[in-house]
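Proteins come first, then strands; the chains are lettered A, B, ... in the order of their sequence lines, and each starts at number 1. We use all heavy atoms of the structure for the numbers below, so side chains are in, but hydrogens, waters and symmetry mates are not.
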Number of protein chains: 2
Amino acid sequence: MASTGEAGDPEARVLRADARRNREKLLAVAVVALSHSGGDVPLDAIAKQAGVGIGTLYRHFPTREALVEAAYRHEVDRLCAAVDELGPPMPADAALREWMQRFVDYVATKRGMAAALQSVVTSDSQLFAHTYRQIVDALNTLLGNAIAAGTIRADADADDVLRAMRGVWLVADEQHRADQAGRLLDLLMDGLRFGAVVRPGPTA
Amino acid sequence: MASTGEAGDPEARVLRADARRNREKLLAVAVVALSHSGGDVPLDAIAKQAGVGIGTLYRHFPTREALVEAAYRHEVDRLCAAVDELGPPMPADAALREWMQRFVDYVATKRGMAAALQSVVTSDSQLFAHTYRQIVDALNTLLGNAIAAGTIRADADADDVLRAMRGVWLVADEQHRADQAGRLLDLLMDGLRFGAVVRPGPTA
DNA sequence: CCCGTGAGCGGAGGAACCTCCGTTTCGGGA
DNA sequence: TCCCGAAACGGAGGTTCCTCCGCTCACGGG
C-alpha cells in the first residue's frame, strides 16, 4: 500500500472526537502559518487562529518542534493518502496526472516551511528519509497502475519522475506557477505515454 | 606556541577598557553558572551576578549559544595560557604536574557545562576539534620542556597522557576528587619520570 | 434518555527572552 | 587640563513561551 494515512502510530490512544477535531484544525492552521513569513509565527497565534486555547496546542504538541514535525508529516500523509482517493473510478493516467499536480503544490508548501523545518532537521534526521520512502511508494503505486492499464510506458521510474516534478516546481516562476506547472506536467505526462503498450485486454 | 590567549580573533576591534572588563566578568560568571544546575540559568541572572545590565550581556553575546561557546573557549584558553605562566623559573616537571592538576579541574568544568554545550554542538562541530588541538599543543609544549630537561622519559606521548588524565577525572569520585586526583596524578608523573635520561648538561 | 466520570479544554499568569534608546563613561585631541 | 564624539551601559517593557488547574462536555453504561 502507498500510505498509512494518520493512523500508523501504534501507541496513539484513540482520541475523543473533539480532541481529534482540534488536533486536525491545529495542523491545518499550522501548515499555513508556518509556510508564510519564514515560520516565526508565535504559537499563541496558531492556537487562536485554530480557535483553541494555547493549552490545547501545547497538550497536542509539547514543543514547537513537535508541531512543525507533525505539520510536515501531515502534509506528506495528505499527499500520499490521495493515492487511494484517486482510485478505480478514475482512469490510472488521469489519477497520475492529478497526483502530480498535488505533488507540485506539496513542494511549494514544503519550501515555505523550510525555515520552520530547520529546527527539526537536527533532532530527527530519519524524518526525511522516511517521508521520502512514503512518497516514492505512493508514486510507484500510481505508476504501476498506469503501466498495468497500458497508458504509460513500462519503464517509467519513480525516482526519475520525482526528480522531473521537482524540476517543474523549480522552473515555474512564483506568479504563474499554476499555469506553467500545469503545462509542464502535461508535457511530462505525454513523455510517459510515449511508447506505451496496451496490454491484451478489452481495448486491444 | 601553545596558546593564543583570547587575542586570536583578527576581526575583534579593541574594546574600551570598561567593555573588556564587563566581557571578562560575564564570561567568568557564565562559566560558573553554566556548570551548575544543568546550564538552564536565565541570562538575566548571569547579567545580574556579573553586575551588568542585561543589555550589556546581549551586546557581547547576541545569543545564548554565543555565550556558551565563548565561555567554553574562555576556559580552554585559560588552561592553555597557563603554559606560559608556568614558565622558566619553575622546573619543567613541576610545571607539567601543576598543569595536570588544572587540566583535571578543566575537565570537571567542561562536564558541568555539558548540558549547556549541547546547544552549541550542532551549529559548530569544528569547535571541539579546534580546542582539542589547542590542548594537545599546550601539553606537547610542557612535555617537550620536561623531556628537554631530562626529567621525564623521552617517549611520553601527549595523546596518551591526555587519555590518562581524563581517566584520572573519571576514576576519582565526586567527594574526594581533589585528593584522589592529586595522588593519581603523582602516580602518573612518576610513571613519566621512570627511565628518564638526563641529557648532557649542567647536571650531568 | 439520563447520568457520572474523566479526557480534554482554555487562558491567566509567571518566567524568560530580547530590543530599544536615553544616559553614562571612556579616551584621544587641543 | 578640559572637551567632545563615540562607545558602551542598563533596564523598562513588549513579546513569546509554557505551566497549571478549575471547568466543560463527550460518551459509555444503566
Side-chain angles (χ1 to χ4, degrees), chain A residues 6-7 9 11-30 32-34 36-71 113 115-116 118-120 122-123, chain B residues 6-7 9 11-30 32-34 36-71 113 115-116 118-120 122-123:
Chain A
E6 304 248 6
D9 211 330
E11 61 177 279
R13 263 174 311 95
V14 242
L15 289 176
R16 231 168 63 178
D18 53 347
R20 158 164 281 282
R21 253 194 326 271
N22 283 334
R23 194 184 140 78
E24 213 65 20
K25 194 77 208 303
L26 279 167
L27 284 176
V29 170
V32 176
L34 294 173
H36 298 349
S37 65
D40 61 348
V41 197
L43 296 185
D44 310 44
I46 293 179
K48 181 171 285 182
Q49 260 192 64
V52 305
I54 185 66
T56 300
L57 186 150
Y58 273 96
R59 196 166 332 95
H60 287 295
F61 312 102
T63 64
R64 182 185 199 88
E65 200 176 279
L67 177 61
V68 171
E69 177 178 335
M113 292 179 68
Q118 193 86 20
S119 69
V120 171
T122 43
S123 60
Chain B
E6 302 246 6
D9 211 330
E11 62 177 281
R13 264 174 309 94
V14 245
L15 290 176
R16 230 168 63 177
D18 53 346
R20 160 166 281 279
R21 251 193 329 269
N22 282 334
R23 187 172 200 285
E24 212 66 18
K25 195 79 208 301
L26 279 167
L27 284 176
V29 170
V32 175
L34 293 172
H36 298 349
S37 65
D40 61 348
V41 196
L43 295 185
D44 312 41
I46 292 180
K48 179 171 288 181
Q49 262 192 63
V52 305
I54 186 65
T56 299
L57 187 152
Y58 274 96
R59 197 166 332 96
H60 286 294
F61 311 103
T63 65
R64 183 185 197 85
E65 202 176 279
L67 177 61
V68 171
E69 177 178 335
M113 292 179 69
Q118 193 86 21
S119 69
V120 171
T122 43
S123 60

Separation of [Y] [atom2] from [X] [atom1] (nearest 0.5 Å):
X	Y	atom1	atom2	value
A:Asp44	A:Gln49	CG	CD	12.0 Å
A:Lys25	A:Leu27	NZ	CG	11.5 Å
B:Thr63	B:Glu69	OG1	CD	8.5 Å
B:Leu67	B:Glu65	CG	CD	11.0 Å

## Note on the structure
Closest to the 5' end of DNA chain C, once B:Asp18 and B:Asp44 are matched to their nearest nucleotides, is B:Asp44
### Query
Do you know which two heavy atoms are closest between B:Arg23 and B:Leu15, and how far apart they sit?
CD-CD1, 3.8 Å
From [atom1] of [X] over to [atom2] of [N], roughly how many Å is that when rounded to an integer?
X	N	atom1	atom2	result
B:Phe61	C:dT19	CZ	C1'	18 Å
B:Asp40	C:dA15	CG	P	14 Å
B:Ile46	C:dA16	CD1	P	12 Å
A:Tyr58	D:dC18	OH	P	4 Å
B:Lys48	D:dA12	NZ	P	10 Å
A:Leu43	C:dG11	CG	P	16 Å
A:Arg20	C:dA7	CZ	C1'	15 Å
B:Leu57	C:dT19	CG	C1'	14 Å

Of the nucleotides [options], which has the atom closest to the [X] side chain?
X	options	answer
B:Ile54	C:dC26, C:dG10, C:dC18	C:dC18
B:Ala17	D:dA26, C:dT19, C:dG27	C:dG27
A:Arg59	C:dA16, D:dA8, C:dC9	C:dC9
B:Pro42	D:dT16, C:dC17, D:dG11	C:dC17

### Query
Given that B:Ala19 and A:Gly55 both sit by DNA chain D, which one's nearest nucleotide is further toward the 5' end?
B:Ala19
May I ask you to evaluate whether [X] reaches the phosphate of [N], defined as a side-chain N or O under 4.0 Å from OP1 or OP2?
X	N	result
A:His60	C:dG8	no
A:Thr56	C:dG10	yes
A:Asn22	C:dC9	yes

### Task
Decide yes or no, distance alone: a donor-acceptor N/O pair under 3.5 angstrom between the base of D:dA7 and the side-chain of B:Arg16.
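Per atom types, the contact qualifies.
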### Query
What is the nucleic acid contact for A:Arg64, judged by heavy atoms within less than 4.0 Å: base, sugar-phosphate only, or nothing?
sugar-phosphate
